[in-house]
2 protein chains.
Amino acid sequence: MLYLVGLGLADETDITVKGLEIVKKAERVYLEAYTSILLVDTAKLEEFYGRPVIVADREMVESSSDEILQNADKVDVAFLVVGDPFGATTHTDLVLRARELGIEMRNIPNASIMSAIGCTGLQLYSFGQTVSMVFFTETWKPSSYYDRIKQNAEHGLHTLVLLDIKVKEQSLENMARGRKIYEPPRYMTVAQCAEQMLETEAERKEGICGPESLAIGAARVGAVDQQLVVGTLEELTKVDLGKPLHSLVLLGTKTHELERDYIRRFAVDTATFDNIWKKHYEAKS
Amino acid sequence: MLYLVGLGLADETDITVKGLEIVKKAERVYLEAYTSILLVDTAKLEEFYGRPVIVADREMVESSSDEILQNADKVDVAFLVVGDPFGATTHTDLVLRARELGIEMRNIPNASIMSAIGCTGLQLYSFGQTVSMVFFTETWKPSSYYDRIKQNAEHGLHTLVLLDIKVKEQSLENMARGRKIYEPPRYMTVAQCAEQMLETEAERKEGICGPESLAIGAARVGAVDQQLVVGTLEELTKVDLGKPLHSLVLLGTKTHELERDYIRRFAVDTATFDNIWKKHYEAKS
């Protein structure tokens, strides 16, 4: 049996009891470690599980899935995924390959940022499609995310923006020369994301995510030091939410006063918040 | 400290290790049991936790929150919620009340149907806003959900439809007479939901959810007997997915061939699926 086990969001104790039982008895345990990260390292997981874990990078999952699936028709193989196993689509590939080999699969759901973002106090029913924000470079500033946020905004919906992580990335030079030397991991911050959104807005000028748009920055959701900050995108370019992982929610205008009451205490500046809320959000949808 | 602990979706072992530790040491443990249900009963939870659990119905949470929060500034109180603690907005109220009383709060995220629905193989990025479907009556057939599905459909997005549950409901007669006699619990099935969608479509006629629209019925997500069925809404009116809880996803036209490959094996009838897919979905967005 192939088990896809969700690990949740913060640390080793966020695995479910069911998931932990599977990890303890599986013949081999793989950890997918490129679409997201836990806030603790693999050594900590191994200690907690009392057994070794094989870190599976993108290359391994994409090109050596048969190795991962080897004899999984006879023994149990656990494939651990940060968040929920189906939060990223990368793994549907693995399941399809398992099917071809006649291997059964079970998934053990867990918290995903896509629903855990409800901890902001915003209603999950009022979110439109989720978008991703990649690191802009001098020459590459993709703005297709802007169109999707716009679609959400037209109906007053909130947008969850998932921020880029770069793990085991090669520099262009190293890639060109075929050298497997990797850059240090990089995790986008809320401030960087806010800055890029303002940059796109300055270019597109459709009034979707300007300096007065309210957003929530969320850091380390589910961890003891979880942090939420509410402010305009302008304000958020200056916040420091500390260590990864960060996410951002751009507020839609379809808001409920319970949402306002909930998020107000996280405001960078309460007077600004009240002011902007009245001007652009209150009873606007 | 007030702990909001997510229980996940299926049984007592879906709680996280972190959540279980909190439940074991809290002074009082409440179970919120009206926005959703686990697939096991309270006795089973109590046995697993090794301690009593106080079932908190809607009335108790809404009118007796101070009782729940009593001395939570000094001792730990755990408030258990099926799924993720912030999946339903009912509990932001409780947190706001706790804040007023100067009580600190921590939330322990867990799987929510809003992200666990990724187990269908559909990309979570391609979902628009989630809608709820209530039980229609002879005289009350609310169709505001149709407008929201339409907004999603306009952008080719999938829609998760959450199905009504009726727990501890009074009949109109008993309510009028002030008799606290409750009807047996009712859980909407995928077949009932499909039928109601066709009913609304027949009335609205905007081509959003007609007899040839593809949808996925999901039952008992995360449980050993999880079941997925793919078919037209017409076909789904005839499926029996067994025990609760059920959910439904209406497919958008913005589909990926990986999604097709993944869901095809769950088709009620593969020939119909292939046919409809080619006609209405393939390369349509």
Side-chain angles (χ1 to χ4, degrees), chain A residues 6 8-21 48 83-89 92-93 95-96 99 106-121 123-132 148 151-152 154-155 157 221-222 224 226 256 258-259 261-262 265, chain B residues 6 8-21 48 83-89 92-93 95-96 99 106-121 123-132 148 151-152 154-155 157 221-222 224 226 256 258-259 261-262 265:
Chain A
L9 297 167
D11 64 41
E12 71 280 8
T13 63
D14 285 325
I15 194 170
T16 64
V17 173
K18 187 181 283 171
L20 184 59
E21 279 167 13
F48 187 71
D84 185 83
F86 286 92
T89 45
T92 48
D93 254 342
V95 177
L96 286 172
R99 273 190 204 163
R106 268 198 67 200
N107 70 303
I108 313 298
N110 206 325
S112 156
I113 187 66
M114 293 218 181
S115 49
I117 197 65
C119 72
T120 51
Q123 307 193 358
L124 289 177
Y125 281 92
S126 301
F127 279 73
Q129 58 196 315
T130 295
V131 307
S132 288
R148 290 195 292 278
Q151 290 171 2
N152 291 340
E154 279 164 2
H155 302 301
L157 300 170
V221 166
V224 182
Q226 170 181 307
H256 189 283
L258 258 185
E259 294 182 312
D261 294 349
Y262 199 92
R265 76 134 43 167
Chain B
L9 298 167
D11 64 41
E12 71 280 9
T13 64
D14 285 324
I15 193 170
T16 65
V17 173
K18 186 181 283 171
L20 184 59
E21 280 166 12
F48 187 70
D84 184 83
F86 286 93
T89 45
T92 49
D93 253 343
V95 177
L96 286 172
R99 273 191 205 162
R106 267 197 69 199
N107 69 304
I108 312 299
N110 207 325
S112 156
I113 188 65
M114 293 219 182
S115 50
I117 197 66
C119 72
T120 52
Q123 307 193 358
L124 289 176
Y125 281 92
S126 301
F127 279 72
Q129 59 196 316
T130 296
V131 307
S132 289
R148 290 194 293 278
Q151 290 170 0
N152 290 340
E154 277 164 2
H155 302 301
L157 300 170
V221 167
V224 182
Q226 170 181 306
H256 189 282
L258 258 186
E259 293 182 313
D261 293 350
Y262 199 92
R265 76 133 46 168

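This one's a predicted model, so the numbers in the text were calculated from it and none came from an experiment. Hydrogens, waters and symmetry mates play no part in the numbers below; they use all other heavy atoms, side chains included. Residue numbering restarts at 1 for every chain, and letters A, B, ... go by the order of the sequence lines.
Using a 4.5 Å cut-off on side-chain heavy atoms (C-beta onward), A/D11 and B/K18 make contact. Side-chain contact between B/E154 and A/E154: absent, with no pair of heavy atoms (C-beta onward) separated by less than 4.5 Å. When side chains are defined from C-beta on, A/F86 does not count as touching B/L124, because their heavy atoms never get closer than 4.5 Å.
Your options are B/S132, B/P109, B/S115, and the one with the most heavy-atom pairs under 4.5 Å with chain A is B/S115. If you tally non-hydrogen atom pairs under 4.5 Å between each of B/V95, B/T120, B/L9 and chain A, the highest count goes to B/V95. Between chain A and the residues B/I108, B/I117, B/T130, the largest count of heavy-atom pairs under 4.5 Å involves B/T130. In terms of heavy-atom pairs under 4.5 Å with chain A, the best-connected choice from B/G222, B/G83, B/S126, B/C119 is B/C119. Put simply, of A/E12, A/Q129, A/R99, the one with the most heavy-atom pairs under 4.5 Å next to chain B is A/R99. With respect to chain B, the highest number of heavy-atom pairs below 4.5 Å among A/R265, A/E21, A/M114 belongs to A/R265.
For A/Y262, the parts lying near chain B are the backbone and the side chain together; criterion is any non-hydrogen pair under 4.5 Å. Using a 4.5 Å cut-off between heavy atoms, A/I15 touches chain B through backbone and side chain atoms alike. With a 4.5 angstrom heavy-atom cutoff, A/N110 touches chain B via backbone and side-chain atoms both. In this structure, the portion of A/Q226 lying under 4.5 Å from any heavy atom of chain B is its side chain and not its backbone. Residue A/V224 touches chain B through both its backbone and its side chain, counting heavy-atom pairs closer than 4.5 Å. Only the side chain of B/D84 comes within contact range of chain A, judged by heavy atoms closer than 4.5 Å.
With B/D14 contributing its side chain and A/T16 its backbone, the two residues share no donor-acceptor pair below 3.5 Å.
For A/E259 against A/Q123, the heavy-atom pair with the smallest separation is OE2-N, 2.7 Å. Contact between A/Q151 and A/H155 at its shortest, heavy atoms only, is O-CD2, 3.4 Å.
Here the CG atom belonging to B/L96 is positioned 6.0 Å from the CG atom belonging to A/L258, to the nearest 0.5 angstrom.
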